[in-house]
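To start, the structure itself, in structure tokens.
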Amino acid sequence: MQLANHIEMLTIQLKEFIKTGAFGPIRIGTTKTELIKLFGKKYDFGNFGESQIIKYGWYEFFYLTHSEEIFGIQNDHLLFNNLDHSATIHYKNSFFTIDTWFLKENNNITFDQMRSILQNENITYIIKPAYSGSDERIIECVNSKVTFDFTDEYNWYETDSRGTITNCKEQKITDGSQFILNGIRLFNY
């Protein structure tokens with residue numbers, strides 16, 4: 001009798017990550033080896049000396065070089081700027097796919113919209129400065145410590161029929177409630 005080597009594909013629920021801080025089976029403290037075993041050997045890699053990064057699409061996992069334990073999970077490429085937005089929010093390989101919940105192709109999410117999304121799901125959050133002395137605000141989920149950061153500017157690209165960029169227009173936003181979601185992150189420093 002031949003046993004099948006079939007591994008059931010995981011669906012990572014972005015909603016559960018935001019509520020719990022668990023990216024499917026991956027949590028802060030999971031090792032690089034466990035990550036690769038669960039999500040596959042095809043990934044992009046970055047070496048920063050004391051830390052390294054494994055990327056599946058734009059979903060990034062930071063780990064310490066000496067312990068190989070994950071200390072950060074993020075996607076900080078959520079802006080829609082009319083380039084390939086689908087590739088920045090979606091990911092699928094033979095091991096896992098992502099249910100992006102409120103993230104929709106070709107659609108930006110504002111600060112106020114993010115607050116409403118969390119309120120509608122009864123996810124408790126706080127609003128705080130991005131860093132000490134900053135006027136920039138982030139949203140942090142109380143239970144999971146997942147944060148959302150926003151930007152007040154982005155670029156809009158015009159392309160020709162071949163997809164070549166012909167012009168770049170910078171957009172500036174002055175109303176903080178309309179700042180645009182840039183990243184979803186969980187870090188344990």
Side-chain angles (χ1 to χ4, degrees), residues 10-30 35 46 51 53-64 69-91 96-156 170-189:
L10 296 169
T11 298
I12 307 302
Q13 304 289 331
L14 187 59
K15 183 188 291 189
E16 289 307 308
F17 173 62
I18 291 166
K19 286 182 172 184
T20 68
F23 197 83
I26 306 301
R27 297 178 177 275
I28 298 299
T30 299
L35 173 69
S51 66
I53 183 174
I54 288 178
K55 291 175 28 176
Y56 294 93
W58 288 104
Y59 292 88
E60 304 167 326
F61 302 85
F62 295 81
Y63 63 92
L64 297 170
E69 288 183 353
I70 294 172
F71 68 89
I73 302 169
Q74 76 173 11
N75 183 334
D76 64 348
H77 292 83
L78 301 178
L79 291 175
F80 166 54
N81 57 13
N82 84 326
L83 295 176
D84 190 0
H85 191 238
S86 177
T88 65
I89 64 173
H90 296 290
Y91 184 79
F96 77 103
T97 188
I98 298 174
D99 176 340
T100 58
W101 182 27
F102 66 88
L103 295 175
K104 306 294 182 222
E105 288 182 33
N106 306 330
N107 185 36
N108 282 319
I109 304 295
T110 67
F111 188 91
D112 275 359
Q113 287 172 325
M114 192 70 244
R115 290 179 60 215
S116 292
I117 290 165
L118 296 174
Q119 288 168 354
N120 288 341
E121 291 295 323
N122 295 315
I123 299 172
T124 307
Y125 64 88
I126 59 172
I127 298 171
K128 65 183 199 176
Y131 52 90
S132 181
S134 171
D135 291 336
E136 181 183 340
R137 301 175 305 159
I138 64 170
I139 296 173
E140 179 181 294
C141 298
V142 172
N143 293 332
S144 67
K145 302 301 182 201
V146 169
T147 63
F148 304 88
D149 64 85
F150 300 83
T151 185
D152 64 350
E153 61 185 23
Y154 66 100
N155 294 325
W156 185 261
E170 187 174 295
Q171 306 289 317
K172 185 77 171 161
I173 304 165
T174 56
D175 179 355
S177 69
Q178 298 305 303
F179 284 9
I180 297 172
L181 179 64
N182 179 62
I184 298 173
R185 311 170 197 271
L186 175 61
F187 279 87
N188 180 24
Y189 294 109

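Computed from a prediction, not measured in an experiment: that's the story for all the values here.
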task: Could you tell me which non-hydrogen atom of G24 sits nearest to which non-hydrogen atom of I12, and how far apart they are?
output: CA-CD1, 3.6 Å
query: What is the ring orientation for F96 with Y91, classed by angle as parallel under 30°, tilted 30 to 60°, or perpendicular over 60°?
result: tilted
statement: Distance col, row H90:NE2 vs D99:CG, nearest 0.5 angstrom, shows 10.0 Å
task: State the OH-OG1 distance between Y59 and T88, to the nearest 0.5 angstrom.
output: 7.5 Å
- prompt: Between I173 and T110, does a side chain to side chain contact (heavy atoms under 4.5 Å, CB included) hold up when you go through it step by step?
  reply: CA-CA 11 Å; I173 304 165; T110 67; over 6 Å; no
task: In sequence, state the C-alpha distance, the side-chain angles, and the governing distance for Y125 and F148, and then conclude on ring-ring contact (aromatic ring centres under 6.0 Å, His included).
output: CA-CA 10 Å; Y125 64 88; F148 304 88; 8.7 Å; no
- prompt: Of all heavy-atom pairs between Y56 and L35, which one has the smallest distance, and what is that distance?
  reply: OH-O, 4.1 Å
task: Taking the six-membered ring of F179 (Phe, Tyr or Trp), confirm whether the NZ or CZ of R137 is under 6.0 Å from its centre and within 45° of its axis.
output: no
- prompt: Can you tell me how far OG1 of T151 sits from CG of L181, rounded to the nearest 0.5 angstrom?
  reply: 10.5 Å
query: After noting the C-alpha distance and the side-chain angles of F80 and I180, does the key distance pass the side chain to side chain contact (heavy atoms under 4.5 Å, CB included) rule?
result: CA-CA 9 Å; F80 166 54; I180 297 172; over 6 Å; no
field: Residues F17, I73; criterion side chain to side chain contact (heavy atoms under 4.5 Å, CB included); working and verdict
entry: CA-CA 10 Å; F17 173 62; I73 302 169; 4.0 Å; yes
field: Donor-acceptor contact below 3.5 Å, side chain H85 vs main chain N106
entry: yes
- prompt: Any side-chain heavy atom of Y131 within less than 4.5 Å of one from I138?
  reply: no
- prompt: Do E60 and D76 touch side chain to side chain, with heavy atoms closer than 4.5 Å?
  reply: yes
- request: Give me the ring orientation class for F23 and F61: parallel if the planes are under 30° apart, tilted from 30 to 60°, perpendicular past 60°.
  value: perpendicular
- line: Value for NZ (K15) from OG1 (T20), rounded to nearest 0.5 Å, stands at 12.5 Å
Closest contact, heavy atoms only, S86 versus E105: OG-OE2, 3.3 Å
task: Specify the closest pair of heavy atoms between I123 and W101, including all atoms of both residues, with the distance to one decimal.
output: CD1-CH2, 4.2 Å
query: Where do G21 and L186 come nearest, in terms of heavy atoms and distance?
result: O-CD2, 3.3 Å
- prompt: Which distance, rounded to the nearest 0.5 Å, do you find between the CZ of F102 and the CD of E121?
  reply: 10.5 Å
- prompt: Hey, what do you get for CG (L79) to CG (N182), rounding to the nearest 0.5 Å?
  reply: 5.0 Å
Got a list of side-chain donor-acceptor pairs under 3.5 Å for residues 140-147, not counting sequence neighbours?
residue: E140; atom: OE1; partner: K128; partner atom: NZ; Å: 2.6
residue: S144; atom: OG; partner: I18; partner atom: O; Å: 2.6
residue: S144; atom: OG; partner: V146; partner atom: N; Å: 3.2
residue: K145; atom: NZ; partner: V142; partner atom: O; Å: 3.3
residue: T147; atom: OG1; partner: R185; partner atom: O; Å: 3.4

- request: Take I184 and L78 through the test side chain to side chain contact (heavy atoms under 4.5 Å, CB included) and record every step on the way to the result.
  value: CA-CA 8 Å; I184 298 173; L78 301 178; 3.6 Å; yes
field: S177-D175 side chain donor-acceptor pair, cut-off 3.5 Å
entry: yes
